[in-house]
There are 2 protein chains.
Amino acid sequence: MVLAHIILGFLALAPMTGYDLKRHFDSTVGHFWSADRAQIYRALATLVADGHAEVETVAGSGAPDRQEHRVTDAGRAALAAWLAAEPERHVDRDPFLARVFFGADLAPDALLALLARRRAEAQTRLADYERLRAESDTGTRAARLRLATLDNGIAHLRAELTWLDAVTEEFA
Amino acid sequence: MVLAHIILGFLALAPMTGYDLKRHFDSTVGHFWSADRAQIYRALATLVADGHAEVETVAGSGAPDRQEHRVTDAGRAALAAWLAAEPERHVDRDPFLARVFFGADLAPDALLALLARRRAEAQTRLADYERLRAESDTGTRAARLRLATLDNGIAHLRAELTWLDAVTEEFA
DNA sequence: TATCCCATGTAAGCTGTTACATGATTTG
DNA sequence: CAAATCATGTAACAGCTTACATGGGATA
């Protein structure tokens, strides 16, 4: 499972609660992975059961108790093994392209509205990523690798925008 | 469910068996959607149960019987409604980028091997798509829309290759 | 005083993958 | 004669999403 290994990767940086992890998913890896709370809590329980992580309950002063998870040596080994393993092949399923594919059954203005909407979303995300990029650290090799994944997202968004312009013009 | 609507879209073009649909998934929409047989047969059963499709058993001369599915009026209406509906938001989860993100824990040559492998895959797919594109019909509006989705795949693969070259150079 | 944030989890349902199971015909 | 293709389906499991459920502290 990829999710469990991404969590191990985060825990290897610092001990965290499920809630902390959710924030990391949404901010730092949101451009190539997402996970919701239910998934994260289950994955954490599995990691603990497998001996890849340990929990420590930290009494919250005022706030609720924090279930801090930290990676174990076995967990670090599992992360290293996964990183070096054969990558799982992945298929991107994009409902938007499915709509375009069968778009002949759609009124011309509805098609243009669909494209315009996609364009607006891409542009918003591109602006977000570029802001994030500008704020990013480029010191260490680790930081530059993380930045590279963000650049991947930026490159794909730019390609998408160029494609959208061409298609919009063709079907306008 | 997106899958069910893609199937309706195919059935609207011609009546088909689950087996036929599988071939269509692999060839014509493989660049933005995939589905396996188990999924397709289940989805077909659901479509029939919902009145969106009808089955007719066609005795196979020599070959096994074909369960031909054809879209009903209700099915066509459902397809049209889906095409015009709010697009479901989609998150692309890419395990490769997860590996790069935590790639500092990987030996430098293992990272380069990972990038090289991704590059080879992207190039193979790009060649496939370009061949498909060359063979494609551009006559009708419907055909041009289908071609546009293929161009989307091509645009993203080119962006990926450019990014891979830059990253490979940076971390070489 | 109402809403947001912190922080936890469970339950049910849907989607996707893998393995099991069968059998005739066509092609190399 | 072996392998691929045509054609159907079931069972079990894995992964993801949505809804339900709770409660205190901080902020507007």
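Every chain is numbered from 1 and lettered A, B, ... according to where its sequence line falls, protein lines coming before strand lines.
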- request: May I have the distance from B:L44 (atom CG) to C:dG16 (atom P), rounded to whole angstrom?
  value: 14 Å
field: Separation of atom CD in B:E68 from atom C1' in D:dC6, rounded to whole Å
entry: 14 Å
field: Between D:dC6 (C1') and B:D20 (CG): distance, integer Å
entry: 10 Å
Is there any protein nitrogen or oxygen under 3.5 Å from a nitrogen or oxygen in nucleotides 9-16 of chain D, and what are the pairs?
unit_1: D:dG9; atom_1: O6; unit_2: B:R37; atom_2: NH1; d: 3.3
unit_1: D:dC16; atom_1: OP2; unit_2: A:Q39; atom_2: NE2; d: 2.6
unit_1: D:dC16; atom_1: O5'; unit_2: A:Q39; atom_2: NE2; d: 3.2
unit_1: D:dC16; atom_1: O3'; unit_2: B:R93; atom_2: NH2; d: 3.4
unit_1: D:dC16; atom_1: N4; unit_2: A:R42; atom_2: NH1; d: 3.2

Electrostatic pair B:R23-B:D20, nearest N-O below 4.0 angstrom: yes
Salt bridge present between A:R117 and B:E86 (N-O < 4.0 angstrom): yes
query: Taking CZ from B:R66 and P from D:dT5, how many angstroms apart are they, rounded to a whole number?
result: 17 Å
- prompt: Is the ring centre of B:F96 less than 6.0 Å from the ring centre of A:F32?
  reply: no
message: If you count heavy atoms of other groups shown closer than 6.0 angstrom to CD of A:E135, is the number above 12?
response: yes
- prompt: Taking atom P of C:dC14 as reference, at what distance in whole Å does atom CD of B:E88 sit?
  reply: 16 Å
d(NE2, A:H90; P, C:dG16) in whole Å: 14 Å
message: Same cluster or not: B:V91 versus A:L157, using hydrophobic residues (I, L, V, M, F, W, Y) connected whenever any side-chain heavy atoms lie under 4.5 Å apart?
response: no
- prompt: Nearest-Å distance, CZ (A:F25) to C1' (C:dA7)?
  reply: 17 Å
task: Specify the separation, in whole Å, of atom OH of B:Y19 and atom P of C:dA24.
output: 16 Å
Contact under 4.0 Å: A:T17 side-chain N or O vs C:dC6 OP1/OP2: no
- prompt: Looking at A:E88 and B:R99, does any basic side-chain N land under 4.0 Å from a carboxylate oxygen?
  reply: yes
query: At what angle, to 10 degrees, do the two end axes of the helix from C:dT1-D:dA28 to C:dG28-D:dC1 meet, given five pairs define each axis?
result: 50°
- request: Check the pair A:D137 / A:R146 against salt bridge (charged side-chain N to carboxylate O under 4.0 Å, His left out), numbers first and verdict last.
  value: CA-CA 9 Å; A:D137 171 33; A:R146 291 195 288 266; 5.3 Å; no
query: How are the rings of B:H5 and B:W82 set to each other: parallel, tilted or perpendicular (split at 30° and 60°)?
result: parallel
- prompt: Are side-chain heavy atoms of A:I154 and B:W163 found at a separation under 4.5 Å?
  reply: no
